[in-house]
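All remarks here apply to the structure that follows.
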Amino acid sequence: MSDQRPFPLIQKLMAAFALLVLVAGCATAPPPETVLAVPAAPQKYAAIVVDARTGKQLFEVNSTAQRYPASLTKMMTLYLLFEALESGRVSKETQIPVSDNAARQPPTKLRFRRGETIDVDSAIRAIVVKSANDVAVAVGEYLGGSEEQFAAMMTARARQLGMTSTVFRNASGLPDAGQMTSARDMAVLGMALRNRFPQHFHYFSESDFMFRGRLVRGHNDMLGRVRGVDGIKTGYIRASGFNIVTSYSADGRQLIVVVMGADSARQRNDHVEALIQRSLSPTVADAKTRLMFVQQ
C-alpha cells in the first residue's frame with residue numbers, strides 16, 4: 001500500500017489557476033520586437049510602404065522629410081508624357097528632337113548627335129530602363145517648350161496629385177539644390193502612375209530594350225528578384241544616396257514601397273525585399289520594429 005497522500009484539492013485549484021493565468025498572459029502579450037537593418041544614415045534615410053488597394057500606410061520612417069528625388073524625378077516626366085499620349089498630343093510614333101542642350105546632359109544617356117530624334121515609344125523605354133538623362137530633357141523641352149517650363153508643369157501636376165512636399169527643377173533628376181520631394185510623395189506618384197495609366201504601366205516592368213540594333217540593359221535589379229515586383233524606378237545622385245520606388249502585385253496584394261538614401265543599390269534592394277516580406281506577414285507587420293542604422 002502506497003504511503004503517498006492524495007494531492008490536496010486546494011493545490012489542484014491553484015495549479016489550474018496558474019495555468020489559466022499563463023495561457024491568458026501568452027494570449028495578451030504584445031508581439032515581440034523585431035529588428036530591421038537600415039542600409040543608410042539616419043539623415044538620408046526615408047521609407048514608406050503603402051497598401052496600393054486601400055491606401056493604408058503599413059510602414060514609414062521619415063516619410064514626409066524632404067529628400068532629393070534623383071532619377072525618381074523621371075516618374076513625373078513619364079506621367080506628363082503619358083498624359084500627352086492620352087490626349088492625342090503625341091503618338092508612340094511621334095519623333096522628339098534631341099537638342100544640343102539635351103545631348104550635353106551627363107550620363108546615364110543614349111548619346112545622340114546633332115539633329116537626331118527619338119520616337120515616343122523608344123523615349124519611354126529609354127527613360128524607364130536606362131534612366132537616360134538626354135532623353136528626359138528632350139521630352140521636357142518638347143512638351144514644355146523649355147525644360148524650365150516643363151519643370152513648372154511637373155510641380156503643378158504634383159500639387160494636383162497631392163504631392164505637397166515636391167518641387168521639380170528639371171526633367172531628369174540631375175543635381176539641383178531646389179529639387180526636393182519626400183518618400184510619401186513618391187508613393188503617391190507611384191500609385192497615380194499605376195491607377196491612371198494601367199495601359200502603360202507595363203513599361204516599368206521592362207529590364208532591357210532594343211535601340212538602333214543594340215540591346216540596352218537597365219538598372220532595376222528588383223525586377224525578377226522578388227515574385228510580384230513589377231516596377232517602378234530607381235535613382236541615384238551623391239546627395240540623395242540610392243533611391244527606389246517599387247510596385248508589388250501578387251496573390252491579391254498590391255504594395256508601393258519607397259526607400260531613399262541607401263548606401264548602395266544592393267543594400268537598398270535587400271531592404272526593399274525585407275519591407276515587402278514584413279508587410280506581407282501579419283505577425284511581423286504588427287510587431288514593434290527597432291531600426292538599426294548603418295552607423296549604429
Requested in this report: Flag yes if more than 12 heavy atoms outside Q95 fall under 6.0 Å of its CD atom; otherwise flag no.
Outcome: yes
With distance as the sole test, does [X] use its side chain to make a donor-acceptor pair with the main-chain N or O of [Y] at under 3.5 Å?
X    : Y    : answer
S281 : R278 : no
T77  : A171 : yes
Q254 : R53  : no
S122 : D119 : no
Q267 : A262 : no
S279 : L275 : yes

Requested in this report: Sequence neighbours left out, what passes ring pair (Phe, Tyr, Trp, His ring centres under 6.0 Å) with H219? Give chain and number order.
Outcome: none
Requested in this report: List for me each residue that meets ring pair (Phe, Tyr, Trp, His ring centres under 6.0 Å) alongside F204, sequence neighbours excluded, and say none if there are none.
Outcome: F201
When you group the ILVMFWY residues by side-chain heavy-atom contacts below 4.5 Å and let the links chain together, are [Y] and [X] in the same group?
X    : Y    : result
V226 : I232 : no
L189 : F82  : yes
V258 : I276 : no
V49  : L291 : yes

Report summary line: Interatomic distance, NE2@H200 vs OH@Y79, rounded to 0.5 Å, equals 11.5 Å
Does some side-chain heavy atom of [Y] sit less than 4.5 Å from a side-chain heavy atom of [X]?
X    : Y    : value
M186 : I48  : no
R184 : Q57  : no
L72  : T181 : no
S240 : M260 : no

Cut-off 3.5 Å, no hydrogens considered: what does the side-chain donor-acceptor table look like for residues 135-145, sequence neighbours left out?
residue, atom, partner, partner atom, Å
E141, OE1, S99, OG, 2.6
E141, OE2, S99, OG, 3.3
E141, OE2, N101, ND2, 2.8

Where do [X] and [Y] come nearest, in terms of heavy atoms and distance?
X    : Y    : result
H271 : V259 : CD2-CG2, 3.8 Å
T117 : R212 : O-NH2, 3.3 Å
E116 : R113 : OE1-N, 2.6 Å
D176 : Y68  : O-CE2, 3.9 Å
K109 : K130 : O-CE, 4.1 Å
T166 : R159 : O-NH1, 2.6 Å

Query raised in the report: Run the side chain to side chain contact (heavy atoms under 4.5 Å, CB included) check on E206 and V128 step by step: do they pass?
Result: CA-CA 8 Å; E206 297 183 9; V128 170; 5.6 Å; no
Report task. Take N62 and R67 through the test side chain to side chain contact (heavy atoms under 4.5 Å, CB included) and record every step on the way to the result. Result -> CA-CA 10 Å; N62 299 330; R67 296 290 186 264; 3.8 Å; yes
Give a yes-or-no answer on whether the side chains of [X] and [Y] include a donor-acceptor pair shorter than 3.5 Å.
X    : Y    : answer
S249 : D230 : no
K233 : N243 : no
Q105 : S172 : no

**Report entry** salt_bridge(D270, R225) N-O dist < 4.0 Å
**Finding:** yes
Query raised in the report: Any Lys/Arg nitrogen of D100 or R114 sitting under 4.0 Å from an Asp/Glu carboxylate oxygen of the other?
Result: yes
Report task. Please assess Y203 against D121 for the test side chain to side chain contact (heavy atoms under 4.5 Å, CB included), listing each intermediate value before the final yes or no. Result -> CA-CA 10 Å; Y203 283 109; D121 183 67; 2.5 Å; yes
Query raised in the report: Ring centroid separation for F168 and F150, is it under 6.0 angstrom?
Result: no
**Report entry** Candidate list I256, V257, L255, V229, test side-chain contact (heavy atoms from CB on, under 4.5 Å), partner S247, passing option
**Finding:** I256
Report task. Apply side-chain hydrogen bond (donor to acceptor under 3.5 Å, both in side chains) to the pair T234 and N220, showing each step before the final yes or no. Result -> CA-CA 6 Å; T234 63; N220 193 349; over 6 Å; no
Requested in this report: List the steps and the verdict of side chain to side chain contact (heavy atoms under 4.5 Å, CB included) for R253 and D51.
Outcome: CA-CA 8 Å; R253 298 293 303 276; D51 186 319; 4.2 Å; yes
